[in-house]
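Each remark here refers to the structure printed beneath this line.
Every chain is numbered from 1 and lettered A, B, ... according to where its sequence line falls, protein lines coming before strand lines.
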There are 2 protein chains.
Amino acid sequence: MIPDSCDETAVLDRAEASCRQRGASLTAIRREVLALLHRAPKGIKAYDLLEQIRHTRGNASPPTVYRALDFLIEQGLAHRIGRMNLFVACRHGKHSAPSLFLVCPKCNGVTELEDAAVVSSLYASLAATGHRLDSPEVEISAICPQCAAA
Amino acid sequence: MIPDSCDETAVLDRAEASCRQRGASLTAIRREVLALLHRAPKGIKAYDLLEQIRHTRGNASPPTVYRALDFLIEQGLAHRIGRMNLFVACRHGKHSAPSLFLVCPKCNGVTELEDAAVVSSLYASLAATGHRLDSPEVEISAICPQCAAA
DNA sequence: GGAGGAAATGCGATGTTATAACATGGCCGC
DNA sequence: GCGGCCATGTTATAACATCGCATTTCCTCC
């Protein structure tokens, strides 16, 4: 589980560039939080994140983490998984369409996928009732292959 | 929004019967909570529910409500909406297939629908990644027609 | 009817997640 | 320098959910 630091740096640098493009800045704190998210193999809880970030910033408090998370989500660099209060880094460079998040309730694993067929039938169904998709994130509770095997 | 008490009683009685069938019992507290859920036009929060139930049971505490909710959800009589910490009564007599929950983030309105096309394409997508749908509840954040108009 | 046991409830405390409110610090253009 | 702006620090608290244990209720078997 030791990250390839070269890859990580590259990812963070790309994130920084994309923020800058939008007039936002990926500050040190935000970058650290994003790095922690990327290192986590699964969804991670805000307070676990807090604990981890205290290793480098002893004075971090809940708002420190939540503000960084809000920023990252706003910038499309991270996602919030509502049901389980989990946060994950976005593994996609860019979202052309809404994503489906398969959240495993056993292990907190999050799989992000874009499936045009599902999304288009979803749109049709929504349109039929006059609704409009609000968030590009659709969350689905599904047992992952590993947990299903166990 | 004043409920038709005759309908309400009928709904509750049916719920009670279906519990009994499964060897569970819809006690007074659970019945009251279910009634409150049915009266609510939208998703309702646990602590709002608590406040309401204190009108008739002054001594109710958080566990009172959460226990009743857990029971109702277990029995398929209610659903939890994860993102917003909302609870809603299930308006369907019986679920033959997973339901989609359209949750409006503006007004907390919850629309429950069963759409075979979406569900089947969803299943196909899940199968492709080796996942298995865990919960019969798929939650989607979507602006409702009323809020979209406003 | 009474003993035993399972399920439900009462009750207080606690754990967990998230935000409010206000102060401070640093940067930049003027 | 000073005024505005964004980010951060700091303290407190709001909002959501569960634990643990005592007590009651209700059922069932004798």
Side-chain angles (χ1 to χ4, degrees), chain A residues 15-16 19-34 36-37 40 43-75 77-88 103 105 108 139, chain B residues 15-16 19-34 36-37 40 43-75 77-88 103 105 108 139:
Chain A
E16 187 153 1
C19 284
R20 190 158 295 275
Q21 241 183 346
R22 275 167 295 205
S25 71
L26 191 67
T27 61
I29 290 181
R30 292 163 177 174
R31 191 177 168 111
E32 275 182 59
V33 170
L34 182 55
L36 290 173
L37 285 175
I44 185 171
K45 304 214 171 210
Y47 276 66
D48 292 343
L49 221 38
L50 175 57
E51 195 190 329
Q52 293 200 24
I53 206 172
R54 283 218 246 241
H55 295 162
T56 56
R57 294 178 174 272
N59 60 340
S61 62
T64 309
V65 170
Y66 280 104
R67 287 196 280 233
L69 286 171
D70 287 347
F71 173 86
L72 294 173
I73 289 166
E74 216 172 82
Q75 296 295 316
L77 298 170
H79 301 289
R80 163 179 304 211
I81 305 298
R83 250 180 123 58
M84 324 273 305
N85 306 309
L86 295 175
F87 298 85
V88 293
V103 184
N108 289 355
E139 199 177 300
Chain B
E16 188 154 2
C19 284
R20 190 157 295 274
Q21 241 183 346
R22 275 166 295 204
S25 71
L26 191 68
T27 62
I29 290 181
R30 293 163 177 175
R31 190 177 169 112
E32 274 182 61
V33 170
L34 182 54
L36 289 173
L37 286 175
I44 185 171
K45 304 215 170 206
Y47 275 65
D48 292 343
L49 221 39
L50 174 57
E51 195 190 329
Q52 293 200 25
I53 206 171
R54 283 220 246 242
H55 295 163
T56 57
R57 295 180 174 270
N59 60 341
S61 62
T64 310
V65 169
Y66 281 104
R67 287 197 280 232
L69 287 171
D70 287 347
F71 173 86
L72 294 173
I73 289 166
E74 214 172 82
Q75 296 294 316
L77 297 170
H79 300 289
R80 164 178 304 213
I81 305 299
R83 251 166 83 73
M84 323 275 303
N85 306 309
L86 295 175
F87 297 87
V88 294
V103 184
N108 288 354
E139 199 177 300

Find the distance [X]:[atom1] to [N]:[atom2] and express it as a whole number of Å.
X     : N      : atom1 : atom2 : result
B/L50 : C/dC11 : CG    : P     : 13 Å
B/I53 : C/dC11 : CD1   : C1'   : 16 Å
A/R83 : C/dT17 : CZ    : P     : 15 Å
A/D70 : D/dC6  : CG    : P     : 16 Å
B/R54 : C/dC11 : CZ    : P     : 11 Å

Under 3.5 Å, side-chain donor or acceptor atoms of residues 21-28 of chain B against the rest of the protein: list the pairs with distances, not counting sequence neighbours.
residue, atom, partner, partner atom, Å
B/R22, NE, B/S18, O, 3.0
B/R22, NE, B/Q75, OE1, 3.2
B/R22, NH1, B/Q75, O, 3.4
B/R22, NH2, B/S18, O, 3.2
B/R22, NH2, B/S18, OG, 2.7

5' to 3', nucleotides 22-29 of chain D under a 4.0 Å protein heavy-atom cut-off (B base, S sugar-phosphate only, - none) gives --------
Any chance you could list the contact pattern along nucleotides 25-30 of chain C? Use B for base contacts, S for sugar-phosphate-only contacts and - for none, protein heavy atoms under 4.0 Å, 5' to 3'. ------
Roughly how far apart are B/L72 CG and B/C19 SG, rounded to 0.5 Å?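 With rounding to 0.5 Å, CG (B/L72) is 7.5 Å from SG (B/C19).
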Just verifying a value: how many Å separate A/L49 CG and A/T64 OG1, rounded to the nearest 0.5 Å?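 Reported value, rounded in 0.5 Å steps: 11.0 Å.
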Heavy atoms of other groups near B/R54 CZ, more than 12 under 6.0 Å: yes
Run the numbers on A/I44 and A/L37 for side chain to side chain contact (heavy atoms under 4.5 Å, CB included), then give the verdict. CA-CA 7 Å; A/I44 185 171; A/L37 285 175; 3.4 Å; yes
Mind checking whether A/L50 and A/S61 have side chains closer than 4.5 Å, heavy atoms only? no
Any sub-3.5 Å donor-acceptor pair from B/R83's side-chain atoms to A/G82's backbone N or O?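 Absent.
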What pairs with A/A46 under side-chain contact (heavy atoms from CB on, under 4.5 Å), at least two apart in sequence or on another chain? A/V65, A/Y66, A/L69, A/F87
Taking salt bridge (charged side-chain N to carboxylate O under 4.0 Å, His left out) as the test, write out the residues that go with [X], two or more places apart.
X      : result
B/R57  : B/E32
A/E139 : none
A/R67  : none
B/R31  : B/D13, B/E16

Between the protein and nucleotides 13-17 of chain D, which nitrogen or oxygen pairs are less than 3.5 angstrom apart?
residue, atom, partner, partner atom, Å
D/dC16, OP1, B/K45, NZ, 2.8
D/dA17, OP1, B/N85, OD1, 3.1
D/dA17, OP2, B/Y66, OH, 2.7
D/dA17, O5', B/Y66, OH, 3.3
D/dA17, N7, B/Y47, OH, 2.7

Under the side chain to side chain contact (heavy atoms under 4.5 Å, CB included) rule, what do A/N108 and A/M84 come out as? Steps first, then yes or no, please. CA-CA 8 Å; A/N108 289 355; A/M84 324 273 305; 3.3 Å; yes
Using atom names, set out every protein N or O paired with an N or O of nucleotides 8-10 of chain D below 3.5 Å, distance rounded to 0.1 Å.
residue, atom, partner, partner atom, Å
D/dT8, OP1, A/T27, OG1, 2.7
D/dG9, N7, A/R67, NH2, 2.6
D/dG9, O6, A/R67, NH1, 3.2
D/dT10, OP2, A/N59, ND2, 3.3

